[in-house]
Engineer: 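Shown below is the structure under consideration.
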Amino acid sequence: MIAQPSQAIPENALPQASELCRRPATDLVRMIARRQVSVAEVAAAFLDRIEQVNGAVNAIVSLRDRHDILAEAAEADAALARGASPGPLFGLPIAIKDLALTKGLRTTFGSRIFAEFVPNEDDFFVERMREAGAIIIGKTNVPEFGLGSQTYNEVFGPTRNAFDQCLTSGGSSGGAAAALALNMLPLADGSDFCGSLRNPAAFNNIFGFRPSQGRVPAGPQPEMFVAQMGVEGPMARNVADLALLLGVQAGYDPRAPLSLDGGFPGPAEPRDRGQPWRVAWLGDLGGDLPMEDGILDLCEAALHRAEAGPFRVEPFVPDIDFERLWWAFIALRQSTSGAALKVYYDNPGQRDLLKPEAIWEIEGALGLTAVQVYAASTVRSGWYKAVLGLFERHDLLALPTAQVFPFDAAIHWPTEIAGRAMDSYHRWMEVTAFATLAGCPAISVPVGFDARGRPMGMQLIGRPRGDAAVLGAAASYEQVCAIVAGV
């Protein structure tokens with residue numbers, strides 16, 4: 001069983017949630033459909049929980065009026081009583097990450113530029129969640145424009161860790177992760193470019209899944225063919241709940257021309273020892289990645305426990321120029337994310353509202369040539385080919401999810417790890433870039449806590465488009481290691 005932080009939780013530990021709020025989302029959907037509990041009861045329980053603990057962590061923002069939410073819940077109960085067929089998320093109260101458009105509900109992107117912006121349309125995956133019966137109750141907090149794995153902004157302030165409110169929740173899906181860990185939401189969406197679904201999951205002891213490139217249709221957005229390294233995906237307290245939400249989010253949409261056909265069939269069943277998962281443990285890439293003390297130990301101990309089940313682990317370091325790979329990541333990120341933000345940089349009234357990390361991305365984009373972007377894409381393509389070669393021998397690649405434990409919420413980003421200086425605001429997240437560059441599905445699974453009660457996670461990375469296999473492996477890991485996620 002993965003260790004829980006018994007005496008390690010500090011004096012600011014928060015009260016326990018009700019039994020209803022701690023139930024898996026799959027249970028709640030089933031109970032609502034069978035009318036064992038009403039949608040109004042579920043909504044009220046989660047709203048009570050938000051009132052109880054959100055003030056300590058600031059995870060949920062732009063919360064709708066309680067009366068309006070309960071009125072929508074009552075309408076759902078009435079529709080069910082009339083014989084309506086419930087969708088896969090019917091009656092679940094969910095808050096959407098504040099980087100995604102929500103029709104009629106304030107969407108700020110964590111930026112003062114959009115502090116009062118109310119969209120007239122939904123992101124495609126939000127549209128699908130509504131159609132599946134979810135009740136959108138508010139938003140989850142993010143860093144400005146999702147830049148960095150530390151959730152703070154000048155609109156709503158910082159989001160704090162579920163286990164220690166002196167620490168960061170990570171990001172950019174930090175609000176979602178903290179809300180899930182504290183049972184304020186049954187499910188949450190997130191997005192991931194440089195680990196934004198995975199890192200906050202690790203920092204809050206939950207599961208975060210980055211789907212394959214194109215699995216969840218992206219948009220609406222002005223550019224539809226180049227910016228493919230960022231993806232949308234699910235976060236949850238267990239693997240079955242991840243699959244539930246991904247099943248709603250995934251599938252081709254003609255408005256997103258590079259989205260994948262076929263939807264998502266759900267996770268494979270956990271394997272038995274007769275059909276083991278062959279895991280390549282990449283660790284710190286032979287010393288290439290600096291790690292805070294204790295992270296590798298937690299991951300290796302978790303892998304050792306997993307070997308009691310259907311996992312066979314061997315250390316492995318790919319023969320690759322990791323520094324050049326990181327250069328390619330930076331160039332491709334600046335050429336898309338930085339270029340997309342340039343419109344605010346060019347506006348004299350808005351440039352001063354951008355945080356330094358946004359300026360860094362934009363000015364990096366301004367210095368790039370087409371030849372450099374092509375060279376970066378070529379490096380990325382070489383990494384993709386190398387990863388395909390790795391999967392001829394292995395089923396999964398394993399890496400720590402983060403290179404540091406959750407850190408002081410007052411610090412914007414770690415400037416050094418193990419004595420090595422970080423040369424950008426996201427260099428300390430480099431460990432998450434490898435799955436991003438290859439377009440591979442990757443899940444962060446909990447591995448336990450250090451002596452100070454700080455959570456950590458480990459990435460399990462699968463073949464491109466092998467999403468079901470990765471979730472199947474995570475289900476096996478969850479079962480063998482007896483994972484208890486959240487607080």
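Numbers for residues simply follow the sequence, beginning at 1.
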Engineer: Crowded around Asp346 CG? As in, over 12 foreign heavy atoms under 6.0 Å?
Structural biologist: yes
Engineer: Take a 6.0 Å sphere around CD of Gln228 and say whether it holds more than 12 heavy atoms from other residues, nucleotides or ligands.
Structural biologist: yes
Engineer: Taking the six-membered ring of Phe117 (Phe, Tyr or Trp), confirm whether the NZ or CZ of Arg106 is under 6.0 Å from its centre and within 45° of its axis.
Structural biologist: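 Checked: cation-pi criterion not met.
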Engineer: Check whether any side-chain N or O of Asn161 sits under 3.5 Å from a backbone N or O of Leu167 as a donor-acceptor pair, and report yes or no.
Structural biologist: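 Pair absent, no side-chain N/O of Asn161 close to backbone of Leu167.
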Engineer: Pick one: which of Leu197, Leu180, Val445, Asp241 meets side chain to side chain contact (heavy atoms under 4.5 Å, CB included) with Phe207?
Structural biologist: Val445
Engineer: For the backbone of Ala162 and the side chain of Asn204, can you confirm whether one donor and one acceptor N or O come within less than 3.5 Å of each other?
Structural biologist: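 Yes, because the side chain of Asn204 sits within donor-acceptor range (under 3.5 Å) of the backbone of Ala162.
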Engineer: Does a sphere of radius 6.0 Å around CG in Asp293 hold more than 12 heavy atoms from other residues, nucleotides or ligands, not counting ones at 6.0 Å or beyond?
Structural biologist: no
Engineer: Test Thr436 against Cys194 for side chain to side chain contact (heavy atoms under 4.5 Å, CB included), laying out the working first.
Structural biologist: CA-CA 7 Å; Thr436 296; Cys194 189; 5.8 Å; no
Engineer: Is Arg210 salt-bridged to Glu232, cutoff N-O under 4.0 Å?
Structural biologist: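 Result for this pair is no, no salt bridge flagged.
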Engineer: So, are Glu478 and Arg237 salt-bridged, with charged N and O less than 4.0 Å apart?
Structural biologist: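 Judged by the 4.0 Å cut-off on N to carboxylate O distance, Glu478 and Arg237 do not form a salt bridge.
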Engineer: Just checking, any donor-acceptor pair under 3.5 angstrom between side chains of Thr401 and Gln459?
Structural biologist: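 Not at all, the side chains of Thr401 and Gln459 share no donor-acceptor pair under 3.5 Å.
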Engineer: Looking at Trp383, is Arg380 sitting on its ring face, NZ or CZ under 6.0 Å from the six-membered ring centre and within 45 degrees of the normal?
Structural biologist: no
Engineer: Stepwise, does the ring-ring contact (aromatic ring centres under 6.0 Å, His included) test hold for Phe316 with His394?
Structural biologist: CA-CA 10 Å; Phe316 186 82; His394 308 284; 5.2 Å; yes
Engineer: Please tell me if the side chains of Glu416 and Arg427 come closer than 4.5 Å, counting only heavy atoms from C-beta onward.
Structural biologist: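 No, too far: nothing below the 4.5 Å cut-off.
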Engineer: Do Ser191 and Ser196 pair up side chain to side chain, a donor and an acceptor below 3.5 Å, judged on atom types alone?
Structural biologist: no
Engineer: Hey, mind stepping through Trp281 and His304 against ring-ring contact (aromatic ring centres under 6.0 Å, His included) and telling me if it holds?
Structural biologist: CA-CA 11 Å; Trp281 167 234; His304 179 70; over 10 Å; no
Engineer: Under 4.0 Å between a Lys/Arg side-chain N and an Asp/Glu carboxylate O for Glu392 and Arg463?
Structural biologist: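 No salt bridge links Glu392 with Arg463.
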Engineer: Determine, step by step, whether Val216 and Val231 satisfy the side chain to side chain contact (heavy atoms under 4.5 Å, CB included) criterion, reporting the C-alpha distance in whole Å, the side-chain angles of both residues, the deciding distance to 0.1 Å, and the verdict.
Structural biologist: CA-CA 7 Å; Val216 177; Val231 302; over 6 Å; no
Engineer: State whether Phe145 and Lys355 meet the cation-pi test: NZ (Lys) or CZ (Arg) under 6.0 Å from the six-membered ring centroid, and within 45° of the perpendicular axis.
Structural biologist: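 Lys355 over Phe145 ring: no.
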Engineer: If you define the side chain from C-beta out and look only at heavy atoms, does anything of Leu242 sit under 4.5 Å from Leu471?
Structural biologist: yes
Engineer: Is a donor on one side and an acceptor on the other found under 3.5 Å between the side chain of Arg128 and the backbone of Gln249?
Structural biologist: yes
Engineer: To the closest 0.5 Å, what do you measure between OH (Tyr345) and CD (Gln350)?
Structural biologist: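 CD of Gln350 is found 14.0 Å from OH of Tyr345.
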Engineer: In this structure, are over 12 heavy atoms from other groups packed under 6.0 Å from Tyr384 atom OH?
Structural biologist: no
Engineer: Would you find a donor on one side and an acceptor on the other, under 3.5 Å apart, between the side chain of Asp261 and the backbone of Tyr252?
Structural biologist: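 Such a contact is absent between Asp261 side chain and Tyr252 backbone.
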Engineer: With Phe434 as reference, evaluate Ile320, Leu282, Leu289, Leu397 under the side chain to side chain contact (heavy atoms under 4.5 Å, CB included) test and give the passing residue.
Structural biologist: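 Among Ile320, Leu282, Leu289, Leu397, the one that satisfies the side chain to side chain contact (heavy atoms under 4.5 Å, CB included) with Phe434 is Leu289.
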Engineer: Please step through salt bridge (Lys or Arg N to Asp or Glu O under 4.0 Å) for the pair Arg333 and Glu430, ending with a clear verdict.
Structural biologist: CA-CA 13 Å; Arg333 180 177 171 90; Glu430 185 176 357; over 6 Å; no
Engineer: Just verifying a value: how many Å separate Thr432 OG1 and Arg198 CZ, rounded to the nearest 0.5 Å?
Structural biologist: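 Answer for the OG1-CZ pair, Thr432 versus Arg198, is 5.0 Å.
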Engineer: Run the salt-bridge test on Lys103 and Asp122 with the 4.0 Å N-O cut-off and return the result as yes or no.
Structural biologist: no
Engineer: Ring centres of Phe407 and Trp428 under 6.0 Å apart?
Structural biologist: yes
Engineer: Contact between Asn205 and Phe163 at the side-chain level, heavy atoms closer than 4.5 Å - yes or no?
Structural biologist: yes
Engineer: How far apart are the C-alpha atoms of Phe109 and Tyr344, what are their side-chain angles, what is the distance that settles it, and do they pass the ring-ring contact (aromatic ring centres under 6.0 Å, His included) test?
Structural biologist: CA-CA 13 Å; Phe109 310 103; Tyr344 313 119; 8.6 Å; no
Engineer: Quick check for you: to the nearest 0.5 Å, what is the distance between Ile96 atom CD1 and Asp123 atom CG?
Structural biologist: 9.0 Å
Engineer: Any Lys/Arg nitrogen of Lys97 or Asp189 sitting under 4.0 Å from an Asp/Glu carboxylate oxygen of the other?
Structural biologist: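 No salt bridge links Lys97 with Asp189.
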Engineer: Do the two ring centres, one from Tyr152 and one from His412, sit under 6.0 Å apart?
Structural biologist: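 Yes, the ring of Tyr152 comes within the 6.0 Å limit of the ring of His412, centre to centre.
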Engineer: Working to the nearest 0.5 Å, report the span between CD of Glu361 and NZ of Lys342.
Structural biologist: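 Result: 15.5 Å between the selected atoms.
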Engineer: Salt bridge check: are Asp450 and Arg452 linked by an N-O gap of less than 4.0 Å?
Structural biologist: no
Engineer: Checking the side chain of Arg465 only, and the main-chain atoms of Ser212 only, is there a donor and an acceptor separated by less than 3.5 Å?
Structural biologist: no
Engineer: I'd like to know if the side chain of Glu223 and the backbone of Val226 have a donor-acceptor N/O pair within less than 3.5 Å.
Structural biologist: yes
Engineer: Backbone N or O of Tyr374 within a donor-acceptor pair of the Ser377 side chain at under 3.5 Å?
Structural biologist: no
Engineer: Roughly how far, to the nearest 0.5 Å, is CG of Asn153 from CG of Leu147?
Structural biologist: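 Answer rounded to 0.5 Å: 11.5 Å.
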Engineer: Start with the C-alpha distance between Asn58 and Thr159, add both sets of side-chain angles, then the distance that settles side chain to side chain donor-acceptor pair (under 3.5 Å), and finish with yes or no.
Structural biologist: CA-CA 5 Å; Asn58 190 36; Thr159 294; 4.5 Å; no
